[in-house]
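As structure tokens, the structure follows; a few thoughts come after it.
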Protein chains: 2
Amino acid sequence: MVDVAKRAAVSVKTVSRVVNGEEGVRPDTKARVDEAIRQLGFRRNDSASDLRRGRAEGIGLIVENMSDPFYSVIGAAVERVARLQRHLLLMGSAEGSAERERDLTGAFLSRRVAGLIVVPAIEDHHWLAAELAAGTPVVFVDRPASGLSADAVLTDNDAGVRSAVEHLAARGHRNIGFLGDNPEFWTAGQRLAAFGSATAALGLRSDLTAMGPHEVEGIAALVETWTRDSDPVTALVTGNNRLSVTALRALRRVGKRLALVGFDDFELADMVEPAVTVVAQDPAAMGEQAAHLLFRRLAGEGGPARTVVLPTRLVVRDSSHLV
Amino acid sequence: MVDVAKRAAVSVKTVSRVVNGEEGVRPDTKARVDEAIRQLGFRRNDSASDLRRGRAEGIGLIVENMSDPFYSVIGAAVERVARLQRHLLLMGSAEGSAERERDLTGAFLSRRVAGLIVVPAIEDHHWLAAELAAGTPVVFVDRPASGLSADAVLTDNDAGVRSAVEHLAARGHRNIGFLGDNPEFWTAGQRLAAFGSATAALGLRSDLTAMGPHEVEGIAALVETWTRDSDPVTALVTGNNRLSVTALRALRRVGKRLALVGFDDFELADMVEPAVTVVAQDPAAMGEQAAHLLFRRLAGEGGPARTVVLPTRLVVRDSSHLV
DNA sequence: CTACTGGACGACAACGATGTCACCCAGCTA
DNA sequence: TAGCTGGGTGACATCGTTGTCGTCCAGTAG
């Protein structure tokens, strides 16, 4: 910047003014400075700018696994909003590890990012309270923070599971099995609970649940067990899209054609055999809302923590039309 | 840091030494400093550190679209390697726009990232030469840079397409159609050229190519045309996974069961009807190799630009067994 | 006892930008 | 003409770290 200033015969402060588009620079001065910038190929050093201003124009995003479509869509949505606010996206996978999540959080905070968007792993987040109080806004996505009151964007898991159960019940299914993920994951727990209350409300069996197997073999064995009965399970609800796909493979493996409704849509759900009925979430909207919440906080909005709950949409395809 | 120094009754320089794990601090001094850091909840300001050191410990990744599985897998791989080197990942989507790509590049360079990994859009990159020469390493992925000699990680498009054509020819197909993307995209052009030479080498027709329609309707119409003939097309090669899926939908729409081989694998390719034979690339390996190349440059490795070409793998499923 | 060594530590400047405040002067009013 | 105004500009301190270099002192050799 001092080189530019010399070349344009102005002070560094004036160069700074031009670079930041501030008021109060005569057009001819600005032109001289712009020309000098062009000639020297000058690029402002944002590290210095960040240091002086005390805040970096970047937002940190922590997800479980960047390559999972659910999270990458969230990431893309966050980046789109961030870009409009002239912020960069820093992104990392916590891979379900609380330690890795803390490391990433620390790294982002050390870099003085403007804010954080986090899909939290299993753990207590009260240690983040200090940073929150210090003015770095944090928004949680998909799952709320535990031990901390902060903004969050969630899916309406309860209504979503209920719509799945009601849909199957309306088609005559009485014994519906639920395949969920480890209930230590908040969403898995929510969906399990929702399954319990939805089935109970309809007078259906609520005990056909398994939060266990994730592999084709395990699920295939489970299906065998559930269908050996004289009063067999005739339909399945799966707690996330990985389980939906795995269940589909398992059903093929054992040659049973149970009805199936999956939580969370996935690409080609309409092209597989049978096309899978799903409770669709809207990850792009989740990312977008989270980013909007964050930037509203950055714009100075106060008030208590907000929670945005997004609705689900039942997308009926073939798999729920099976006997 | 000065607060920590006061509390531990040492100089800031000593705190800096402890924070950076430098030699030459007595264990008891280090313990005092650590304790002060803990008590005050001190976190080093990386903006200041970056400024002083002249380089940020982050690497910038520019892809076409973060939410596309191909790119998000690259991103996850890059992040994994970056993490091991204690670097953060900054990521953005250029969305096929050269301008947006330049903006992102500029933003990353302003932040003085350690290096850049770029999936380039259509354009000339000689303007990057100055930065490259100035010591910021750049690695290109999926497509080489134009007008610039830089490291790159590519897929062996030629061998991949050839394996697809040979596979279909071996199953008796003589008239094979090629559905590609806009040939301004480097990969699309490569694959088209590869299709031409592979068919020519086998004495097959090389003129059944369309770099045009991307929607179900357009492709359906094209298929109708190609199969109306007395000497009809009996097999299709698609140039990327979006086209494979769209072609699959189009074939269903018009009720034709042509053989199909897609370039690039996709999730559930084995579960759709028919399961799709593909030429699989390895995006995770591409991201990993690119990151390794980058960090080798950062470690001071000199020498001319390297190009790593990764092999493809033909994954035979049902769609290529159709008549 | 003196001279020397080397390890531990601190003072200070510098990295490149920006906020504050003072300055200058053209153009105005009284 | 003297005094004011206010827009354009610059000098300087400052953000939080780290590189350089000098100081201090305990321990050792002569």
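Letters go in sequence order (proteins before strands), and every chain restarts at 1.
At a threshold of 4.0 angstrom between heavy atoms, the contacts of B:R43 are confined to the sugar-phosphate backbone, with no base atom among them. Among the protein residues, A:V10 comes within range of the sugar-phosphate backbone only, with heavy atoms under 4.0 Å from sugar or phosphate atoms but none that close to a base.
Each of B:T29 and A:M1 has a nearest nucleotide on DNA chain C; the 5'-most of these lies closest to B:T29. Residue whose closest nucleotide on DNA chain C sits further toward the 5' end, between B:A9 and A:N45: B:A9. Along DNA chain D, the nucleotide closest to A:K13 and the one closest to B:L51 are compared, and the more 5′ of them pairs with A:K13.
A donor-acceptor pair under 3.5 Å is absent between the side-chain atoms of B:T14 and the main chain of B:V10, judged by distance alone. Using modelled atom types, no side-chain atom of B:R296 and backbone atom of B:E301 make a donor-acceptor pair closer than 3.5 Å. Counting only distance, with no hydrogens or angles, the side chain of A:N20 and the backbone of A:E22 share no donor-acceptor pair below 3.5 Å. With hydrogens and angles disregarded, no donor-acceptor distance shorter than 3.5 Å links the side chain of B:T155 to the backbone of B:Q281.
Going from atom NZ of A:K6 over to atom P of D:dT9 covers 20 Å, rounded to whole Å. Rounded to whole angstrom, the span from the CZ atom of A:R111 across to the P atom of D:dG16 amounts to 17 Å. Taking atom CG of B:D46 as the reference point, atom C1' of D:dG16 lies 11 Å away to the nearest angstrom. In this structure, B:D50 places its CG atom 19 Å from P of D:dC15, rounding to the nearest Å. For the pair B:L40 CG and D:dG16 P, the computed distance is 14 Å after rounding to whole Å. Note: CZ (A:R55) to C1' (C:dA17) measures 18 Å, nearest angstrom.
No donor-acceptor contact under 3.5 Å links the side chain of B:R52 to the base of D:dT17.
Taking a 4.0 Å limit (strictly below) on heavy-atom distances, residues 16-28 of chain B reaches DNA chain C at B:R17, B:G24, B:V25, B:R26.
Remark: A:T14 is not in phosphate contact with D:dT9, judged by side-chain N or O atoms under 4.0 Å from OP1 or OP2. In this structure, A:S11 reaches the D:dG10 phosphate: one of its side-chain N or O atoms is under 4.0 Å from OP1 or OP2. For C:dT18, the OP1/OP2 oxygens have a side-chain nitrogen or oxygen of A:R44 closer than 4.0 Å.
Applying the salt bridge (Lys or Arg N to Asp or Glu O under 4.0 Å) rule to B:D124 yields no partners; only residues at least two apart in sequence or on another chain are considered.
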- Could you walk me through whether A:Q85 and A:H292 pass the side-chain hydrogen bond (donor to acceptor under 3.5 Å, both in side chains) test, one step at a time? CA-CA 10 Å; A:Q85 308 277 353; A:H292 281 317; 5.6 Å; no

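Residues B:S67 and B:N65 have side chains that bring a donor and an acceptor to within less than 3.5 angstrom of each other.
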